Enquirer: 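Next up is a structure, given as structure tokens.
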Amino acid sequence: MKMSSPRDSDQFEVTVLVHLDSAFNLARWILRDQDSAEDAVQESCLRALRFFKDMSGPNPKAWFLAIVRNACMDWLRGSGQHRGELEYEEDKHGEVGAIVHETPETSAMRASDARWLHVAIAALPLEFREVIILRELEEMTYKEISAVIDVPIGTVMSRLSRGRDLLSKRLHEQRKQVRA
Amino acid sequence: MNCAKANQMLDAWLDGELDSETSGQMLNHVPGCPECTARKQSRENLKEVLSAASLRFPAPTSLQNAVRRDLHVQRKNNEQPKSIRLGWRDLLMVSGSSLATAMVMIMFLGLPPRTATFDQAIVDVLAQHSASLVSQKLFEVASSDRHVIKPWLQTKVNFAPPVPDLSTHGISLLGARLDRIDAQTAVALVYKLRNHPINIFVWPAKLDGRVDLGYRKMRGFAVGAWSADGLNYVAISDLNLADLQWVSQRYVGGSE
């Protein structure tokens, strides 16, 4: 393996590894599984280290997340889930952010938001899910997102729009249900 | 600007992705249009809900440690050529005490002539490890409690391999079973790191003292071997080499 003077790997830590949380967050949302996400990100770090010298693109974070996303796609392909991605099972994954009924109304509403949002985002088809995560949680620009998922900016825009439509619809239904 | 166009541009506008001219057109249209205003409101509601819920998954400590470890290994590999290094003192000690173990070392150094004895042991280890994965029969006694495993072992074999609790390192104990290695009864301890099972085979050696025989990839598995206090140890897993080495070191460290 051709890398790296100790200085390179110091450089690697401050420019790439600072985004480890973002990397894991993206992998965790794409793969929807804690263990696979850990493995995919660890693998990605090794790949990133290997290609660190040839780093290109709008910025290190986008570059690193593109590697992470590719690793996740490999993972999905390997487990035969690509395209025919497994249906997300609410029963199995609905445990996030349990609702505490005794709390005041607003905070109960918030806890309930967190819970159904987790489920609603996780249930989005992958192409919408990933742009929602990159924009809403990672706060990346359209240009950066387009570099991560390797599609034109116009496609980022339309997928984001469609993803938000789907979530808004769910939010609206949810609010109606809570009021009823 | 009409509603259809405004509809199309709404997200880019709210995300601050439009040029100033188009932004100006949006600003001229949206506030005066009830339909577009409603859509904008709905987007803002969603945004608010999304930012209030904590939806991010932070990198777990186990991942941070694993990455740090990998980086450390990379650094070391760049500093010195990749090889298994043994001191002369180790060599003398091994060759002076146990032929079988010396052969183990020779095999790990990849030097001819290989001996039937240890080759046989490693072949057995690989076979048993694969069989345990295929048959899903990883253990005869399934327990994460070392105080259950240890007494069970004492009734089965006349040696007592250490069974440290490594859960603080994220390595969980799954159980134990008995196997045949090199025509002897060996204990296989089964641990797990993330979703990777690790078999640690232990059987009596004739050597006292401590020798590290090194780590290498064999048939796609990571294998590490060492001997200490009259016992041979071989750890094997589908983990990468650095992780297996780390787990083995935690095992040795936890045994003391």
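Because only heavy atoms are used, hydrogens play no part in the values below, and waters and symmetry mates are left out as well, while side chains stay in. In what follows, every chain begins at residue 1, and chains take the letters A, B, ... in the order their sequences are listed. This is a predicted model, so every value here is computed, not measured.
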Enquirer: Is there side-chain contact between B:Asp243 and A:Gln42, with at least one heavy-atom pair below 4.5 Å?
Expert: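 Yes - at least one pair of side-chain heavy atoms lies under 4.5 Å apart.
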
Enquirer: Can you tell which of B:Leu55, B:Leu50, B:Asn195 has the highest number of heavy-atom pairs within less than 4.5 Å of chain A?
Expert: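 Of the candidates given, the most pairs with chain A belong to B:Leu55.
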
Enquirer: Looking only at heavy atoms and a cut-off of under 4.5 Å, which of A:Leu26, A:Asp35, A:Ile153 has the most pairs with chain B?
Expert: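 Looking at each of A:Leu26, A:Asp35, A:Ile153 in turn, A:Asp35 comes out on top.
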
Enquirer: Check whether any side-chain N or O of A:Asn25 sits under 3.5 Å from a backbone N or O of B:Pro58 as a donor-acceptor pair, and report yes or no.
Expert: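 Side chain of A:Asn25 to backbone of B:Pro58, a donor-acceptor pair under 3.5 Å: no, none is there.
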
Enquirer: Does A:Leu17 form a side chain to side chain contact (heavy atoms under 4.5 Å, CB included) with B:Arg68? I'd like the steps, not just the answer.
Expert: CA-CA 9 Å; A:Leu17 285 192; B:Arg68 218 148 270 144; 6.0 Å; no

Enquirer: Quick check: closest heavy atoms across A:Phe24 and B:Leu63, and the distance to 0.1 Å?
Expert: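 For A:Phe24 versus B:Leu63, the nearest heavy atoms are CD1-CD2, 3.7 Å.
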
Enquirer: Nearest 0.5 Å, what's the CG-CG distance between A:Leu49 and B:Asp70?
Expert: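 One gets 9.0 Å once the value is rounded to the nearest 0.5 Å.
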
Enquirer: Tell me if the CD atom of A:Glu173 is crowded by more than 12 foreign heavy atoms within 6.0 Å.
Expert: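 Above 12, so yes.
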
Enquirer: Heavy-atom distance under 4.5 Å to chain B: side chain of A:Ile121, backbone, both or neither?
Expert: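 Side chain of A:Ile121 only, per the 4.5 Å heavy-atom cut-off to chain B.
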
Enquirer: For A:Lys169, does the NZ atom sit with more than 12 other heavy atoms under 6.0 Å from it, leaving out its own atoms?
Expert: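 Not buried by this count: 12 neighbours or fewer within 6.0 Å.
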
Enquirer: Any side-chain heavy atom of B:Arg56 sitting closer than 4.5 Å to one from A:Ser22?
Expert: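 Answer yes - side chains close enough.
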
Enquirer: Tell me, side chain or backbone of A:Leu171 under 4.5 Å from chain B's heavy atoms, or both, or neither?
Expert: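 For A:Leu171, side-chain heavy atoms alone lie under 4.5 Å from chain B.
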
Enquirer: Would you mind reporting whether B:Asn240 and A:Glu43 have side-chain heavy atoms less than 4.5 Å apart?
Expert: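 Side-chain contact under 4.5 Å: no.
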
Enquirer: Looking only at non-hydrogen atoms, find the nearest pair between B:Leu71 and A:Phe12 and report the distance.
Expert: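 Between these two residues, the closest heavy atoms are CD1-CD2, 3.8 Å.
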
Enquirer: Where does A:Ile132 contact chain B at under 4.5 Å (heavy atoms): side chain, backbone, both or neither?
Expert: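 For A:Ile132, there is no contact with chain B at all, as no heavy atom is under 4.5 Å.
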
Enquirer: What's the shortest heavy-atom distance between B:Arg43 and A:Ser168, and which atoms?
Expert: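 Nearest heavy atoms, B:Arg43 then A:Ser168: NH1-OG, 3.6 Å.
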
Enquirer: Please report the closest heavy-atom contact between B:Pro60 and A:Glu38, naming both atoms and the distance.
Expert: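 Shortest heavy-atom contact: CG-OE2, 3.5 Å.
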
Enquirer: For B:Ser51, which atoms come within 4.5 Å of any heavy atom of chain A: side chain, backbone, both, or neither?
Expert: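 Contact with chain A is absent: no heavy atom of B:Ser51 under 4.5 Å.
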
Enquirer: Would you mind listing every salt bridge (charged side-chain N to carboxylate O under 4.0 Å, His left out) that reaches into residues 15-25 of chain B, with sequence neighbours excluded?
Expert: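 For residues 15-25 of chain B: A:Arg135-B:Asp15, A:Arg164-B:Asp15, B:Asp15-B:Lys47.
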
Enquirer: Is B:Gln8 in contact with chain A via its backbone, its side chain, both, or neither, using a 4.5 Å heavy-atom distance?
Expert: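 Backbone only.
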
Enquirer: Tell me the side-chain hydrogen bond (donor to acceptor under 3.5 Å, both in side chains) pairs involving residues 150-161 of chain A, sequence neighbours left out?
Expert: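 As it turns out, the side-chain hydrogen bond (donor to acceptor under 3.5 Å, both in side chains) pairs with a partner in residues 150-161 of chain A, which skip direct neighbours, are A:Ser161-B:Asp11.
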
Enquirer: Could you go step by step and tell me if A:Asp165 and B:Arg39 meet the side chain to side chain contact (heavy atoms under 4.5 Å, CB included) rule?
Expert: CA-CA 10 Å; A:Asp165 281 346; B:Arg39 260 181 66 88; 4.0 Å; yes

Enquirer: Given B:Asn45 and A:His172, is the side-chain hydrogen bond (donor to acceptor under 3.5 Å, both in side chains) satisfied, shown in steps?
Expert: CA-CA 10 Å; B:Asn45 288 346; A:His172 190 68; over 6 Å; no

